[in-house]
Each structure stands twice: as C-alpha cells, then as structure tokens.
Number of protein chains: 2
Amino acid sequence: MARAGVSVERLVVAAAELADEAGFENVSLSALARGFGVTDASLYSHVRNLRELRTRLALFAGGEMIDRIATAVAGRAGKDALAAFAGAYREYAHSHPGRYAATRIRIDQALVADSPVMRRTAEITYGMLRAYGLDEPDLTDAVRLLRSTFHGYCALEATGGFNAPRDVDASWDKAVDALHTALTHWPREDR
Amino acid sequence: MARAGVSVERLVVAAAELADEAGFENVSLSALARGFGVTDASLYSHVRNLRELRTRLALFAGGEMIDRIATAVAGRAGKDALAAFAGAYREYAHSHPGRYAATRIRIDQALVADSPVMRRTAEITYGMLRAYGLDEPDLTDAVRLLRSTFHGYCALEATGGFNAPRDVDASWDKAVDALHTALTHWPREDR
DNA sequence: GGCTGTAACCTAGAGGCCCTAGGTTTCCAG
DNA sequence: CTGGAAACCTAGGGCCTCTAGGTTACAGCC
C-alpha cells in the first residue's frame with residue numbers, strides 16, 4: 001500500500017485546520033491520524049507527543065498572525081498604526097479561532113527563544129508604539145496593556161462574554177480609541 | 001460499607017480545590033471520584049455530566065470572585081474604586097487560578113440568566129464606573145474595555161506571556177493608571 | 001536491476017477519561 | 001419495621017495518549 005506521506009509540516013497544517021473547525025481543545029493525534037488515513041501510533045514518528053504538536057501549532061499560528069499584523073502596520077504610525085495592529089489582531093482571532101487559541105498556550109521558554117516569532121512580535125509591537133515617545137519601563141508597560149486588552153477582548157468575545165445588546169465592533173473601536181488616549185496621556189511618575 | 005456522602009455542593013467545592021491544584025483542564029470526574037473514594041459512575045447521580053460540573057464550578061467561582069471584588073470596592077469611588085476592583089480581580093486570579101479559569105468558560109445562556117452572579121457582577125462593575133459620568137453606550141464600551149484588560153492581563157500572566165524583566169506588579173499598576181486616564185478622557189463622538 | 005538501510009508505517013496493548021445500563025445496598029420517613 | 005428513593009456498584013463501549021516491537025515501502029548505491 002502506498003504511504004500517506006505524513007510530515008511534521010503537513011501535520012501542523014492539518015492541526016491548524018482542525019483547530020479552527022473543531023476547536024483547539026479538540027485537536028487530537030487520533031483525529032489527525034484518521035484524516036491522513038493512518039493509525040495514531042504512526043504519528044509518533046513525526047512528533048514526540050501531543051504537547052510537541054501543540055507547541056508547533058502555536059509557533060506556526062503565531063508566525064502567521066504576526067505576519068498579517070506586520071503587513072497591516074507597515075507604513076503607518078501613531079493612532080493609524082495602533083488601529084491597524086488592533087484590526088489585524090482581532091481579524092486573525094476571528095477568522096482562525098483555533099489557531100488563535102493555540103498561540104495562547106504556555107510554551108517551553110527554551111523553544112520560544114529558538115523561534116524567531118517572539119522576537120519579531122516584540123519588534124513589531126514596540127515599533128508601533130514608537131510615535132508615542134515612551135521610554136522604558138513605560139514602553140514595556142504600554143505593550144503589556146495593549147496585548148492584555150487585545151487578547152482579553154478577543155477571548156471574552158470568543159467565549160460569549162459580551163452579551164449586552166451593544167455592537168461588539170463599535171465597542172472594539174472605542175476601546176482602541178481609549179487606548180490611544182491612554183498612550184497620549186501616559187501617566188508619568190511626576191504627576 | 002458507609003456511604004461517602006457525596007453531594008453536588010461538596011462535588012463543586014472539591015472541583016474548585018482540584019482546579020486550583022491541578023489546573024482547570026485537569027478537573028475530571030474520575031479524579032474527583034477517586035478523592036471521594038467512589039467510582040466515577042457514582043457521580044452521575046449528582047451531576048448530569050462533566051459539562052454541568054464545569055458550569056456549576058464556573059458559577060461558584062464567579063460568585064466567590066464578585067463577592068471579594070464587591071467587598072474591595074465598597075465605599076470607594078472613582079480611581080480609588082477602580083484600583084480596588086482591579087486589585088481584587090487580579091488577587092483572585094492569582095490565588096485561585098483554576099477557579100478563575102473556570103469563570104471564563106462559555107456557559108449556556110439560559111443557565112446564566114437563572115443565576116444572580118452575572119447580574120451582581122454587572123451591578124458592581126457599572127456602579128464602579130458611576131463617578132466617571134459616562135452614558136450608554138459609552139458605559140458598556142468602558143465596561144468591556146476594563147474587563148478585557150483585566151482578563152487579558154491575568155490570562156497572559158498565567159500562561160507566561162510576560163517574559164520581559166519588568167516587574168509585573170508595576171506594569172499592572174501602570175495599566176490601571178492608564179485605564180483611569182482613558183476613562184477620564186473618554187473619547188466622545190464630538191472630537 | 002538487485003541490495004540495503006532508514007524511515008514510514010503497522011499491530012497489540014496498557015492506561016486514563018466520559019458516559020450508559022442496569023443491579024444492589026443503605027438509610028430515612030412513614 | 002418496612003418500603004422506596006437515592007447512593008452506590010459492576011460491566012462495558014468509545015475515544016484518547018503513548019510505548020514496544022515488528023513489517024514494508026522507497027531512495028540511493030553498487
């Protein structure tokens with residue numbers, strides 16, 4: 001019988017698609033094996049275990065996401081860049097819920113350091129904030145604030161956290177506006 | 001043999017403790033049954049299924065959390081109230097990571113409506129914002145912004161999302177400060 | 001075109017989980 | 001004291017992860 005031709009790369013891509021369709025928590029080696037017409041045991045020659053697959057998926061999705069954000073932010077500055085970043089972030093979370101969930105798992109610090117994804121993400125994010133003229137440690141504080149709000153909003157949205165009748169897109173725009181004012185009136189020590 | 005004396009209430013409390021120790025995703029009926037010295041099948045006379053247990057845990061934890069927040073906020077207004085709310089929120093997420101994770105699952109809308117937890121949470125949150133003088137829909141937008149940032153920060157923190165050397169408590173305080181300025185300079189339509 | 005090694009695949013099986021069906025025992029209320 | 005509800009049990013199916021060890025396809029080399 002001909003081989004299925006499984007590889008780590010194809011496995012990760014299949015996992016990404018499955019995650020978006022069935023939810024990240026339902027990504028199983030068994031289900032992926034079925035999709036490839038192969039037994040689950042066979043996959044262990046491509047991937048050490050489920051944990052490793054999840055980690056690879058997280059890095060894959062993280063790279064995909066930051067690429068889109070980078071494209072959106074390119075050539076913009078200040079509020080324009082902030083809005084573009086925010087829009088691309090939420091757009092990815094919406095269109096790829098399973099992959100987005102994957103990006104949020106805890107990853108072995110050693111693996112993170114190896115991957116260029118985190119460095120790139122930091123570059124883009126800090127770069128976007130350049131126009132606001134913040135210095136460390138305010139810069140890191142601001143990055144944390146933005147990431148928190150963006151992630152929190154998408155996470156709450158995804159689990160049905162917003163049930164007031166108010167339009168969620170409008171609230172999002174307002175949140176981005178509010179973050180912009182927070183950045184322009186950043187609380188300094190000398191207040 | 002004497003009975004173990006399992007009840008829904010004891011089950012939920014045990015689940016809460018297990019969640020904090022082993023993580024929310026590791027709360028299983030099997031593990032709880034072991035803890036009670038009972039077979040897993042026995043638990044199905046107390047709880048319909050794992051889903052229901054999780055939902056009950058979520059409502060339990062949500063009630064516990066909003067109680068602490070309410071106590072912290074009581075008698076305060078404006079920035080004071082905001083800081084107290086934020087502090088109590090993060091304190092709960094830190095001291096009860098498993099329970100906190102439980103509060104963030106998607107819950108059947110019908111069950112939510114039955115429970116007073118959500119109403120109480122809304123009351124406290126909107127009440128805390130009273131001093132900022134916002135009207136709808138800005139009020140809802142502001143609530144969503146706060147919840148997003150609070151949750152996002154705690155979630156990122158919990159999964160090791162902040163690895164810069166900067167102290168996470170200091171960043172949190174800055175974030176709360178920044179939210180305060182965002183609320184006091186809330187972006188109106190007429191800008 | 002045969003040979004050979006490696007990687008891709010397989011079967012078998014242990015162990016954990018959720019959940020159902022149906023039987024037994026405890027214990028309280030009448 | 002007794003009937004019945006509720007608490008508990010065994011047995012078993014289905015899905016999952018992961019290991020051990022055996023087989024087969026295929027690429028590269030003589």
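In what follows, every chain begins at residue 1, and chains take the letters A, B, ... in the order their sequences are listed.
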Query raised in the report: Of all of residues 22-32 of chain B, which get a heavy atom below 4.0 angstrom from DNA chain C, listed by number?
Result: B:S28, B:L29, B:S30

Requested in this report: Report yes if some heavy atom in the side chain of A:L183 is under 4.5 Å from a heavy atom in the side chain of A:L134; otherwise report no.
Outcome: yes

Query raised in the report: What integer distance in Å separates A:F36:CZ from C:dA7:P?
Result: 19 Å

**Report entry** B:S148 side chain reached by A:F162 side chain, heavy atoms, under 4.5 Å
**Finding:** yes

Report task. Tell me whether A:I66 is reachable from A:V143 by hopping between hydrophobic residues (I, L, V, M, F, W, Y) whose side-chain heavy atoms are closer than 4.5 Å. Result -> yes

Query raised in the report: Does A:A164 have any side-chain contact (heavy atoms from CB on, under 4.5 Å) partners at least two apart in sequence or in another chain, and if so, which?
Result: B:T140, B:R144

Query raised in the report: Looking at residues at least two apart in the chain, or sitting in another chain, which of them share a ring pair (Phe, Tyr, Trp, His ring centres under 6.0 Å) with A:H46?
Result: none

Report summary line: Residues passing the ring pair (Phe, Tyr, Trp, His ring centres under 6.0 Å) test with A:F60, sequence neighbours excluded, are none

Report task. Please say which of B:Y92, B:Y100, B:Y89 ends up in a ring-ring contact (aromatic ring centres under 6.0 Å, His included) with B:F150. Result -> B:Y89

Requested in this report: Run the salt-bridge test on A:R99 and A:E64 with the 4.0 Å N-O cut-off and return the result as yes or no.
Outcome: yes

**Report entry** Inter-end axis angle, the helix from C:dG1-D:dC30 to C:dG30-D:dC1, with every axis fitted to five base pairs (rounded, 10 degrees)
**Finding:** 10°

Report summary line: From the list A:L32, A:V47, A:L11, side chain to side chain contact (heavy atoms under 4.5 Å, CB included) partner of A:V6 resolves to A:L11

Query raised in the report: By a strict heavy-atom criterion of less than 4.0 Å, which residues belonging to residues 40-57 of chain A are in contact with DNA chain D?
Result: A:D40, A:A41, A:Y44, A:N49, A:L50

Query - Along DNA chain C (nearest heavy atom to each residue), the more 5'-positioned of B:R34 and A:G5 - result: A:G5

Query raised in the report: In terms of side-chain geometry, is the basic nitrogen of B:D40 or B:R34 positioned less than 4.0 Å from the acidic oxygen of its partner?
Result: no

